[in-house]
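Residue numbers start at 1 and run along the sequence shown.
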Amino acid sequence: MKYIASVHDRTFTIEIHDDNTITVDGRTYPVDFLNPNGEVYSLLIGGQSYEAYLQPGEGDIWQVLLRGMLYEVRVEDEREKRLRASAGGGTVSVGEFSLKAPMPGLVVAVPVTEGQTVKKGDKLVILESMKMQNELKSPRAGTVTRINVSAGQSVEQNQVMVTLA
């Protein structure tokens, strides 16, 4: 599984191959990983020992204390990043928002109706692609003004599925 980790203005692509090997930005490292109590992580990377303290923050942000420095790290898996980017990336708080299909797939369910008020994080569409169900959520509060898809319908990438005002 690939992850995208952002620290300040730097972004790292991390791929976990197995319990003993990871790749960071194209460079492969042998690792040994131990989690003795849930917050403290002991890592042996390329022969060097690290001890990190992790605390979940808001959303996909983690607080990481490593070698006396506190970092805020945003961690997304590659699929989540692609889904967020297809939904327009950042949150638009005013005006119209169109939820587009991030990939071709089959609409499993549309748990909202036209005219319904939704909150940030409410499910708008459940889309199946590559045998995985993806819950596409509202990036903001609003009112559903148009639903262009229905359960059982196939969609193409970038097809507008739901519109919010």
| Under 4.5 Å between side-chain heavy atoms, hopping through other hydrophobics if needed: is there a path connecting Val160 to Leu127? | no
| query | Could you go step by step and tell me if Leu99 and Val125 meet the side-chain contact (heavy atoms from CB on, under 4.5 Å) rule? | reply | CA-CA 9 Å; Leu99 176 68; Val125 175; 4.1 Å; yes
| Any idea which heavy atoms bring Glu156 and Ala101 closest together, and the distance? | O-CB, 3.3 Å
| query | Going through the distances and angles, do Arg146 and Glu96 end up as a side-chain contact (heavy atoms from CB on, under 4.5 Å)? | reply | CA-CA 11 Å; Arg146 277 190 309 276; Glu96 195 172 79; 3.7 Å; yes
| What residues form a side chain to side chain donor-acceptor pair (under 3.5 Å) with Lys2, not counting sequence neighbours? | none
| remark: Sequence neighbours excluded, the answer for side chain to side chain donor-acceptor pair (under 3.5 Å) partners of Glu15 is none
| Are Val7 and Val64 connected, step by step, through hydrophobic side chains (Ile, Leu, Val, Met, Phe, Trp, Tyr) whose heavy atoms are closer than 4.5 Å? | yes
| Linked hydrophobic residues, Ile126 as query - side chain contacts closer than 4.5 Å | Val108
| note | Interatomic distance, CZ@Arg140 vs NZ@Lys120, rounded to 0.5 Å, equals 11.5 Å
| request: Drop me the distance from Asn134's CG to Lys123's NZ, to the nearest 0.5 angstrom. | output: 12.5 Å
| So do Asp122 and Gln116 actually touch side chain to side chain, heavy atoms under 4.5 Å? | no
| message | Please give me the minimum heavy-atom distance between Lys119 and Ser138, naming the atom from each residue. | response | O-CB, 3.7 Å
Tell me which donor-acceptor pairs under 3.5 Å the side chains of residues 20-30 have, and how far apart each pair is, sequence neighbours excluded?
from  : atom 1 : to    : atom 2 : distance (Å)
Thr21 : OG1    : Asp18 : OD1    : 3.4
Thr23 : OG1    : His17 : NE2    : 2.5
Thr23 : OG1    : Thr28 : OG1    : 3.0
Asp25 : OD1    : Thr13 : N      : 2.8

| task | Indicate the atoms forming the closest heavy-atom contact of Val110 with Leu124, along with that distance. | result | CG1-O, 3.6 Å
| query | Can you hop from Ile14 to Ile61 via hydrophobic side chains spaced under 4.5 Å? | reply | no
| task | Show your reasoning for whether side-chain contact (heavy atoms from CB on, under 4.5 Å) applies to Val144 and Thr163. | result | CA-CA 6 Å; Val144 177; Thr163 304; over 6 Å; no
| field | Nearest heavy-atom neighbours spanning Val149 and Ile147 | value | O-CG2, 3.2 Å
| task | Look at the side chain of Thr143 and the backbone N and O of Ala165, then say whether any donor-acceptor pair between them is shorter than 3.5 Å. | result | no
| said: Count I, L, V, M, F, W, Y as connected when their side-chain heavy atoms are under 4.5 Å apart, and connections chain through other members. Are Tyr71 and Leu43 then in the same cluster? | reply: yes
| query | Do Trp62 and Ile16 share a hydrophobic cluster (ILVMFWY, side-chain heavy atoms under 4.5 Å, transitive)? | reply | yes
| note | Applying side chain to side chain donor-acceptor pair (under 3.5 Å) to Gln48 and not counting sequence neighbours gives Tyr50
| message | Under the rule for side chain to side chain donor-acceptor pair (under 3.5 Å), what residues qualify as partners of Glu72, not counting sequence neighbours? | response | Gln63
| task | Work out which heavy atom in Ala151 is nearest to a heavy atom in Ala109; give both atom names and the distance. | result | CB-CA, 4.3 Å
